[in-house]
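Written below as structure tokens is the structure these notes are about.
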Amino acid sequence: MSSLLDGDQLRLYLPRNLPEGIIQGNGELPARIAYIGHILTSRPYDSNRDFITLNKTLLREQVSKRACVFAFETFHDLIETDHHYTPNKRSKGYRWNNTMNGHGATIHTFNAPRFKAHLRDVRSKARDEYCPIQRRLDEDLKGVSLEISNLPIFIENLPPKSGVKCEQHRRTVIQKSAEDVINGNRGLITRSDKTGRIHCLPNRLCTYLRSELTLHGSEVVEIDLASSQPYFLATLFHSKPL
């Protein structure tokens, strides 16, 4: 979301072959409708299913209930829905159909200052709720840059990944993520209530982008730590077998 908040206009990714005129105008309401299409275009699929989870309660807080209804009416025939979900636990999944996904995406600009301000408020509210670790990490991420001289060529030369639902969607997600970093947008830092695991910009990036990151101009090193829970369990119970 952070890449949408800088500059004079709202820049949103939409499918290249979206029917012409399906979104009328470029003002506030059209931008809110297009924003939902942008999420479906630029957000990666879930790790456990080839859909993008949309929590409609949160979505309505971001774009308004009215815009949410209009968006799903506008894109109705172009979206596939995963109806296998658990109420109050797992939200429904959505994605563009194969016709929309297979042709890539383009950036559309919208003149929507009030919507932009609202999205800034949403981001600021989330940052206000950061724990100390999130706040420190947020500061550290300000020094992260992505050193790619020609992003279109870089994306074009990426090797395909076996098993993905849509290779073109994968490349669009990677390109959007790269542009976020290049433009200095570090995104939000989230924390799992179940595991305490922190999710931030570097660990959301694909391997090919992470290897191009720099921190205050220096190359970064990626370290993968093994699970430490067994060690902590052993020290808590002072058990020789453990």
Side-chain angles (χ1 to χ4, degrees), residues 1-13 32 35-36 38-39 42-47 52-64 89-91 112-148 173-233 235-236:
M1 180 178 65
S2 55
S3 65
L4 312 178
L5 307 181
D6 302 310
D8 295 332
Q9 291 183 308
L10 201 62
R11 301 171 71 251
L12 304 178
Y13 275 91
R32 291 170 185 263
Y35 181 72
I36 295 178
H38 167 83
I39 294 175
S42 61
R43 182 179 290 180
Y45 290 144
D46 300 350
S47 58
I52 297 165
T53 295
L54 294 181
N55 184 314
K56 284 196 174 181
T57 299
L58 297 178
L59 197 60
R60 287 165 184 160
E61 293 176 1
Q62 289 182 342
V63 304
S64 83
K89 290 185 179 181
R90 182 180 179 186
S91 300
R114 293 195 302 276
F115 184 37
K116 287 176 62 178
H118 174 67
L119 291 176
R120 287 193 187 96
D121 291 342
V122 170
R123 183 175 64 174
S124 296
K125 181 179 178 181
R127 284 201 163 97
D128 289 341
E129 297 174 356
Y130 277 178
C131 69
I133 291 177
Q134 288 170 293
R135 291 194 188 96
R136 179 54 188 268
L137 180 56
D138 192 47
E139 285 298 314
D140 291 339
L141 289 177
K142 292 179 180 179
V144 170
S145 300
L146 192 60
E147 305 296 333
I148 297 178
V173 171
I174 294 173
Q175 180 174 338
K176 191 266 182 183
S177 300
E179 289 178 351
D180 277 351
V181 185
I182 291 172
N183 293 328
N185 301 317
R186 60 194 185 277
L188 294 175
I189 300 169
T190 58
R191 180 168 55 92
S192 170
D193 293 332
K194 292 183 178 180
T195 65
R197 184 184 294 272
I198 295 291
H199 298 277
C200 60
L201 179 124
N203 61 25
R204 292 191 185 106
L205 296 177
C206 76
T207 302
Y208 301 103
L209 290 180
R210 288 202 301 269
S211 63
E212 303 293 330
L213 290 175
T214 61
L215 182 62
H216 298 294
S218 300
E219 293 184 3
V220 300
V221 177
E222 183 174 354
I223 301 175
D224 191 0
L225 298 178
S227 177
S228 57
Q229 285 89 338
Y231 171 80
F232 290 129
L233 184 65
T235 56
L236 285 173

What distance separates [X] [atom1] from [Y] [atom2], expressed to the nearest 0.5 Å?
X	Y	atom1	atom2	result
Leu146	Ser211	CG	OG	9.0 Å
Leu12	Ile36	CG	CD1	11.0 Å
Ser177	Ile182	OG	CD1	11.0 Å
Gln134	Ile189	CD	CD1	6.5 Å
Leu59	Lys56	CG	NZ	8.5 Å
Leu58	Thr53	CG	OG1	11.5 Å

Can you name the nearest heavy-atom pair linking [X] to [Y], along with the distance?
X	Y	answer
Gln62	His118	O-CD2, 2.9 Å
Pro44	Ile52	O-CG1, 3.8 Å
Ser42	Val173	O-CG2, 3.5 Å

Asn203/Ile198 under side chain to side chain contact (heavy atoms under 4.5 Å, CB included): CA gap, chis, key distance, verdict: CA-CA 9 Å; Asn203 61 25; Ile198 295 291; 5.6 Å; no

Does a sphere of radius 6.0 Å around CZ in Arg60 hold more than 12 heavy atoms from other residues, nucleotides or ligands, not counting ones at 6.0 Å or beyond?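 More than 12 heavy atoms, drawn from other residues, nucleotides or ligands, come within 6.0 Å of this atom.
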
Around atom CZ of Arg135, are there more than 12 heavy atoms from other residues, nucleotides or ligands closer than 6.0 Å?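 More than 12 heavy atoms, drawn from other residues, nucleotides or ligands, come within 6.0 Å of this atom.
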
Taking the side chain as everything from C-beta on, heavy atoms only, tell me whether [X] gets closer than 4.5 Å to [Y].
X	Y	value
Leu54	Arg43	yes
Arg123	Arg127	yes
Tyr130	Leu188	yes
Cys200	Asp138	no
Phe115	Leu10	yes

Can you list the residues that meet the side chain to side chain donor-acceptor pair (under 3.5 Å) rule with Lys125, with sequence neighbours excluded?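 By the side chain to side chain donor-acceptor pair (under 3.5 Å) rule, Lys125 matches no residue at all.
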
Of all residues at least two apart in sequence or in a different chain, which pass the side chain to side chain contact (heavy atoms under 4.5 Å, CB included) check with Ser64?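 Scan of Ser64 (side chain to side chain contact (heavy atoms under 4.5 Å, CB included), adjacent residues dropped) gives Arg32, Arg66, Ala67.
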
Between the side chains of Lys176 and Glu179, is the shortest nitrogen-to-carboxylate-oxygen separation below 4.0 Å, so that they form an ion pair?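 No salt bridge links Glu179 with Lys176.
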
Backbone of Leu215 reached by a side-chain donor or acceptor of Asp140 within 3.5 Å: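 No, Asp140 side chain to Leu215 backbone: no donor-acceptor pair under 3.5 Å.
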
Short side-chain to backbone donor-acceptor contact, Asn185 and Gly187, under 3.5 Å: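 Checking the backbone N and O of Gly187 against the side chain of Asn185, no donor-acceptor pair under 3.5 Å is found.
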
Does anything in residues 195-219 pair up under salt bridge (charged side-chain N to carboxylate O under 4.0 Å, His left out), and if so which pairs, sequence neighbours excluded?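 Residue pairs passing salt bridge (charged side-chain N to carboxylate O under 4.0 Å, His left out), neighbours aside: Arg210-Glu222.
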
side-chain contact (heavy atoms from CB on, under 4.5 Å) partner of Val144, the single match among Val181, Val220, Thr214: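 That would be Val181; it is the only one of Val181, Val220, Thr214 passing the side-chain contact (heavy atoms from CB on, under 4.5 Å) with Val144.
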
